[in-house]
Visitor: 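Please find one structure pasted underneath; my questions will follow.
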Amino acid sequence: MKKHLIPLIAAGALFSAQAALADGEALFKSKPCVACHALETKMVGPSLKDVAERYENNEESVATVASHIKNGVSGLWGQIPMPPNQVTDEEATQLAEWILSLN
């Protein structure tokens, strides 16, 4: 019984992680982020892959990027500031986790 249960749990976790990543992308596309950011090219702001490369994917980085998303930030990527975004704390964290997973 255990020998069948463990692979099922592992498969469920994998599908859950993939769904969360897809949800992150859908959330990104539903917010004004797309006006200034693209996946691989710099627009007004840095590409999402550049953000992922700058920050290591760990709990501290997730909190930092989520704070930047929610509260805005200036001076990190040039002279144009990123304004605060109308997102919940949970949405900011979900977006940050998805962005950091791109590296």
Side-chain angles (χ1 to χ4, degrees):
M1 180 76 166
K2 283 185 182 177
K3 119 176 147 177
H4 296 292
L5 188 58
I6 292 173
L8 287 174
I9 292 171
L14 177 62
F15 290 127
S16 176
Q18 288 176 340
L21 293 179
D23 289 346
E25 184 175 11
L27 181 60
F28 168 75
K29 289 179 179 178
S30 75
K31 298 294 181 182
C33 311
V34 297
C36 297
H37 298 279
L39 186 63
E40 295 186 10
T41 57
K42 181 184 181 330
M43 292 175 52
V44 174
S47 74
L48 299 181
K49 289 200 174 196
D50 286 344
V51 174
E53 285 179 19
R54 178 176 280 191
Y55 295 95
E56 200 173 318
N57 191 359
N58 61 45
E59 192 172 310
E60 185 178 308
S61 294
V62 170
T64 298
V65 174
S67 175
H68 293 174
I69 292 168
K70 183 162 176 77
N71 303 315
V73 66
S74 63
L76 292 179
W77 296 92
Q79 295 181 352
I80 300 173
M82 182 169 119
N85 287 280
Q86 296 297 315
V87 295
T88 66
D89 290 338
E90 293 80 19
E91 289 173 328
T93 298
Q94 183 179 0
L95 286 165
E97 288 172 344
W98 174 69
I99 291 166
L100 294 173
S101 75
L102 299 173
N103 190 14

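Counting begins at 1 with the first residue of the sequence.
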Visitor: If I take atom OG from residue S101 and atom CD from residue E25, how far apart are they, to the nearest 0.5 angstrom?
Guide: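 Here the interatomic distance stands at 9.5 Å.
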Visitor: Evaluate side-chain contact (heavy atoms from CB on, under 4.5 Å) for W77 paired with V51, printing each intermediate quantity in order.
Guide: CA-CA 9 Å; W77 296 92; V51 174; 3.9 Å; yes
Visitor: Less than 4.5 Å apart, any side-chain heavy atom of V62 and any of Y55?
Guide: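 The answer is no, as the side chains (C-beta and beyond) never meet within the 4.5 Å cut-off.
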Visitor: Do D89 and K70 sit within salt-bridge range, that is, some charged N less than 4.0 Å from a carboxylate O?
Guide: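 A salt bridge links D89 with K70.
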Visitor: Which heavy atom of A38 sits nearest a heavy atom of M43, and at what distance?
Guide: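 In this case the closest contact between A38 and M43 is CB-SD, 3.5 Å.
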Visitor: Which other residues belong to the hydrophobic cluster containing I80, where Ile, Leu, Val, Met, Phe, Trp and Tyr are joined when side-chain heavy atoms lie under 4.5 Å apart, directly or via other members?
Guide: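 Listed partners: V44.
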Visitor: How long is the gap from CD1 on I99 to SG on C33, to the nearest 0.5 Å?
Guide: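 Reported to 0.5 Å precision, the distance equals 6.5 Å.
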Visitor: Quick one: closest heavy-atom pair of K31 and Q86, and the distance?
Guide: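 Answer, listing the atom of K31 first, then Q86: NZ-O, 3.8 Å.
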Visitor: Step by step, would you call V65 with L100 a side-chain contact (heavy atoms from CB on, under 4.5 Å)?
Guide: CA-CA 9 Å; V65 174; L100 294 173; 4.2 Å; yes
Visitor: Of all the heavy-atom pairs spanning S74 and P81, show the shortest one and how long it is.
Guide: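 S74 and P81 have their closest heavy atoms at CB-CB, 3.6 Å.
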Visitor: Below 4.5 Å, heavy atoms only, C-beta onward: do L39 and K49 meet side chain to side chain?
Guide: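 When only atoms from C-beta onward are counted, K49 and L39 do touch, with a gap below 4.5 Å.
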Visitor: Quick one, H37 and P46 - any side-chain contact, counting heavy atoms below 4.5 Å?
Guide: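 Of all side-chain heavy-atom pairs linking P46 with H37, at least one is under 4.5 Å.
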Visitor: Is there a donor-acceptor contact under 3.5 Å from the side chain of E91 to the main chain of T88?
Guide: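 Judged by distance alone, yes, a pair lies under 3.5 Å.
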Visitor: Show the nearest heavy-atom pair for residues P84 and N71, with the distance to one decimal.
Guide: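 Smallest heavy-atom distance, with atoms named: CG-O, 3.4 Å.
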Visitor: Hey, does L76 have a side-chain heavy atom less than 4.5 Å from the side chain of R54?
Guide: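 Sidechains of L76 and R54: in contact.
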Visitor: I'd like to check the salt bridge (charged side-chain N to carboxylate O under 4.0 Å, His left out) partners of E59; sequence neighbours left out, ordered by chain and number.
Guide: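 Partners of E59 under the salt bridge (charged side-chain N to carboxylate O under 4.0 Å, His left out) test: none.
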Visitor: Would you check if the side chain of N58 reaches a backbone N or O of E60 as a donor-acceptor pair within less than 3.5 Å?
Guide: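 Checking the backbone N and O of E60 against the side chain of N58, a donor-acceptor pair under 3.5 Å is found.
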Visitor: If I take atom SG from residue C36 and atom NZ from residue K42, how far apart are they, to the nearest 0.5 angstrom?
Guide: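 So the SG of C36 and the NZ of K42 are separated by 10.0 Å.
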Visitor: Mind listing the closest non-hydrogen atom pair of I69 and A92 along with its distance?
Guide: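 Answer, listing the atom of I69 first, then A92: CD1-O, 3.9 Å.
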Visitor: Any non-hydrogen side-chain atom of F28 less than 4.5 Å from a side-chain atom of L48?
Guide: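 F28 vs L48: side chains touch.
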Visitor: Output the distance between atom CG (L95) and atom CD (E90), rounded to the nearest 0.5 Å.
Guide: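 Result: 11.5 Å between the selected atoms.
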